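Down below is the structure, laid out as structure tokens.
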Amino acid sequence: MLLSHSPEHEAFRAEVREFIEAHRDRAPPAFGRRGPPDERARQWQRLLIEHGYAARSIPKEYGGYGAEPDILKSHIIAEEFGNADILGGHDGDNRLVPTLLELGTEEQKRAYIAPTVRGDMLWCQGYSEPGSGSDLASLATKAHVDGDEFVINGQKIWTSGAHYADMMFCLVRTEPDAPKHQGISYLLFPMDTPGIEVRPLVTMTGEATFNEVFFTDVRVPTSQIVGKRGEGWFVANATLKHERGGLGDPNVAENRFRRIVAMMTNETLDGRPLMEHPAYRDRLLKLQGQMLAMKFNGMRVLSHAIKGEEAGLPRWIVKLNGCELNHQMDALAIDLLGELGTLYPAAGVAPDPTDANPHLRDAGAWQQRYMLDLGLIIGGGTAQIQKNMIGERALGLPKEPKAAQRQEGAA
Amino acid sequence: MEFGLTEEQRLLQQSLAGFLAAACPLDRVRAAAEAGDTRPSDIWDGLRDLGIHGALIPEAYGGVGLSLLDAAIIAECLGAAAAPVPFTATAVMAPVALLAAGSEAQREAWLPRMAAGDAVVAVAVTEHIGAREGAGVEAVAGRLRGKAMFVLDGAAAQACIVADTAGALHLVLGEHVEATALPTIDRTRAVTALQFDDTPAEPLPGAAGHGEALQATIDAGRVALAADTLGAAQAMFDKAVEYAKERRQFNRVIGSFQAVKHLCAEMAAALEPCRALVWYAAHAQQAIPGEARAMACHAKAHLGEAGRFIARTATEVHGGMGFTDLLGLHYWFKRIGWNRQMLGAPEQARQEAAAAQGWLAAP
């Protein structure tokens with residue numbers, strides 16, 4: 001067990017801290033922020049790229065900082081921004097950009113990565129369909145080739161940000177006769193292509209962060225494919241892998257935990273700080289135990305990653321546990337506030353820092369997070385799908401027999 | 001940075017697990033438990049040959065001089081085997097107490113004998129954590145009065161380290177005090193009650209003052225119990241997954257049913273982070289003093305909760321067989337249940353974790 005870092009990494013941490021101290025006034029607010037980046041957020045991202053705190057290991061020719069990949073340095077950056085409660089940078093779209101780097105053509109990399117990492121080109125993901133959620137590979141949106149174009153017809157759903165995105169990366173069925181995993185292609189196209197209709201899907205949070213997207217004879221040049229025809233499932237899995245790595249990040253839970261400790265110190269019930277109420281305190285401590293276990297589990301995963309090893313089970317459980325933990329923290333925060341916990345911004349969307357209600361806490365962010373985090377338990381591979389993957393891939397339990405086999409068995 | 005075990009620690013784990021697999025299979029656990037033998041000489045002597053009794057005792061006193069993380073690895077192996085041997089008190093807490101607060105003469109008198117497996121030293125600190133039945137020990141002019149309950153490794157101990165109500169520690173010879181066995185659900189470990197009636201005792205001179213030596217002793221014990229639960233829960237989990245892959249119903253192995261598969265996945269998700277927490281808590285006891293208290297409490301509490309979940313769920317995955325004596329799962333089930341209650345149940349440990357972080361108002 002060696003928890004200290006090399007002098008090089010300690011020096012790097014000091015640099016990050018120095019940067020944050022010097023520039024924190026320019027950062028956009030960190031907590032509860034949603035939606036497209038505004039000018040302030042785009043400038044912040046550019047500043048971070050310039051200093052190597054965003055798009056760090058993306059090559060310079062594609063708009064990144066161009067550093068050698070160093071997992072520990074990336075971790076230090078995330079940790080320091082988290083500790084300072086400052087919005088960190090991003091690597092563009094964390095599913096698309098790694099996919100393009102791995103599988104895109106040179107033209108695609110040059111056209112898309114730089115504006116994406118700067119936040120000037122926003123993407124949405126066209127995967128889920130009304131009939132294809134957890135069973136994504138059954139997707140039915142079709143594309144046939146007409147000359148040098150794909151012609152797309154069908155519908156997507158749960159498309160985050162489609163109402164403001166510039167581009168979509170999309171899975172469509174191009175080989176209707178192939179087995180379901182082998183008939184899919186991965187296409188890139190602008191959202192203003194004729195034939196695309198976006199209908200906002202208002203969620204329980206009051207926001208329209210998701211959309212339904214309808215395609216009617218949408219024409220996309222065949223050069224806009226990533227990988228080959230029929231290989232889209234494998235291209236997409238490269239991106240799903242990246243997305244899964246991000247959900248349940250222990251830094252998020254630790255940051256949220258600190259907010260709750262502050263709340264329990266500052267908020268009073270019957271004139272006494274909440275921290276002095278044993279029932280609430282025990283819930284806090286219980287969550288702290290879980291949070292610490294996931295934090296140290298994350299350090300274990302990180303140690304494996306630094307050595308280039310596959311962590312196995314400790315990594316498989318991160319999404320399931322991390323999302324559940326965040327949700328339980330939101331629930332505790334709401335409970336701590338009692339009746340105050342029901343207050344929500346008058347505009348019906350949180351967080352709303354402009355709301356004038358003096359009793360509203362954190363601009364209504366806790367109720368919003370409570371709902372949003374339930375969405376994250378479901379999204380990105382539901383908790384039940386996560387349990388299947390843990391059971392089958394990590395523990396080696398057999399898959400559920402296919403429906404057809406079951407019928408044969410019954411006959 | 002390297003968050004994980006060293007090569008030496010993995011070797012320690014392998015050699016001890018290998019020894020226990022051969023020397024302490026279920027039949028041996030069962031035979032010892034049924035005979036009420038909480039220190040079978042074959043297992044005890046084998047552990048001595050591996051240096052287990054002296055793991056935390058410095059080489060100068062005949063031990064091996066390992067760290068508390070090593071001791072946690074040992075505890076994990078013992079829990080995995082449900083090994084019926086004294087360990088938490090005599091090999092972890094007592095050495096920590098003697099090294100923190102014992103006089104040179106006390107260390108020389110006891111540590112070499114403990115390392116050699118010739119002496120078992122029990123530890124009586126329960127009342128300092130939470131007193132039941134009006135128990136408690138007063139020290140008056142070098143003599144002890146009162147009662148101590150749930151004395152760990154208390155059977156046939158040559159001596160006992162006793163905490164008094166002021167938080168000072170005393171060494172009492174086994175021959176000076178009568179030990180009454182307290183039979184518990186877990187027949188693989190022994191606890192006793194001690195009645196003191198102007199019993200002669202030697203103070204551990206370094207333990208006067210603010211009770212740091214006592215705290216360090218309790219914290220080390222908590223880490224050891226958490227690690228024991230980690231091993232026991234892992235053993236139950238492994239058996240459950242193995243069973244789910246073999247047992248067939250409705251023409252399918254039951255592990256292919258999501259109802260069963262998800263129970264296994266939930267156990268994995270609950271158990272795996274426990275390993276990192278136990279490692280960190282053990283490491284912190286010696287390397288990160290500012291976090292030692294809170295981490296020992298958290299490891300104890302969290303493993304208590306996760307252990308209970310895994311013990312009941314692993315039993316459930318085994319169906320009716322899990323409920324039988326034949327399969328013997330209950331030895332681990334009971335061991336996990338016992339670990340949860342000793343040295344502060346989760347609610348108490350969390351309360352102390354809150355205090356250690358400055359979250360309790362001054363009384």
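Order of the sequence lines fixes the chain letters, A, B, ..., with proteins taken first and strands second; residue numbering starts at 1 for each chain. Only a predicted model underlies this, so the values are computations on that prediction, with no experimental measurement involved.
- Between chain B and the options A:N388, A:L292, A:L320, the largest number of non-hydrogen pairs under 4.5 Å is found for A:N388.
- Between B:E266 and B:H262, the side chains place no donor N or O within less than 3.5 Å of an acceptor N or O (distance only, hydrogens not considered).
- Distance NE2/B:H298 to CD/A:Q288: 3.0 Å, rounded to 0.5 Å.
- In this structure, the side chain of A:K286 does not engage the main chain of A:R281 through any donor-acceptor pair within 3.5 Å.
- Residues of residues 263-274 of chain A lying under 4.5 angstrom from chain B, judged on non-hydrogen atoms, do not exist here.
- Residue contact with chain A, scored on non-hydrogen atoms closer than 4.5 Å, involves the side chain of B:I288 exclusively.
- Between B:L225 and the choices B:L303, B:L230, B:L343, the side chain to side chain contact (heavy atoms under 4.5 Å, CB included) rule is met once, by B:L343.
- Looking only at heavy-atom pairs under 4.5 Å with chain A, the residue among B:C274, B:A353, B:A354 that has the most is B:A354.
- Because its NZ or CZ atom is both nearer than 6.0 Å to the ring centre of B:F257 and within 45° of the ring axis, B:R252 counts as a cation-pi partner of that residue.
- Looking at B:V241, the atoms closer than 4.5 Å to chain A (heavy atoms on both sides) sit in the backbone and in the side chain alike.
- Contact check on A:R256 versus A:D373 returns a salt bridge, with a Lys/Arg side-chain nitrogen under 4.0 Å from an Asp/Glu carboxylate oxygen.
- Within the 4.5 angstrom heavy-atom criterion, no atom of B:A301 approaches chain A.
- When the candidates B:L5, B:T6, B:L277 are compared by the number of heavy-atom contacts under 4.5 Å with chain A, B:L277 comes out ahead.
- With a 4.5 Å cut-off on side-chain heavy atoms, B:R275 and A:N297 do not count as touching.
- A:R13 has its side chain within reach of A:E80: a pair of non-hydrogen atoms, C-beta onward, lies under 4.5 Å apart.
- Ring planes of B:Y280 and A:F296: parallel class, angle under 30° (limits at 30 and 60°).
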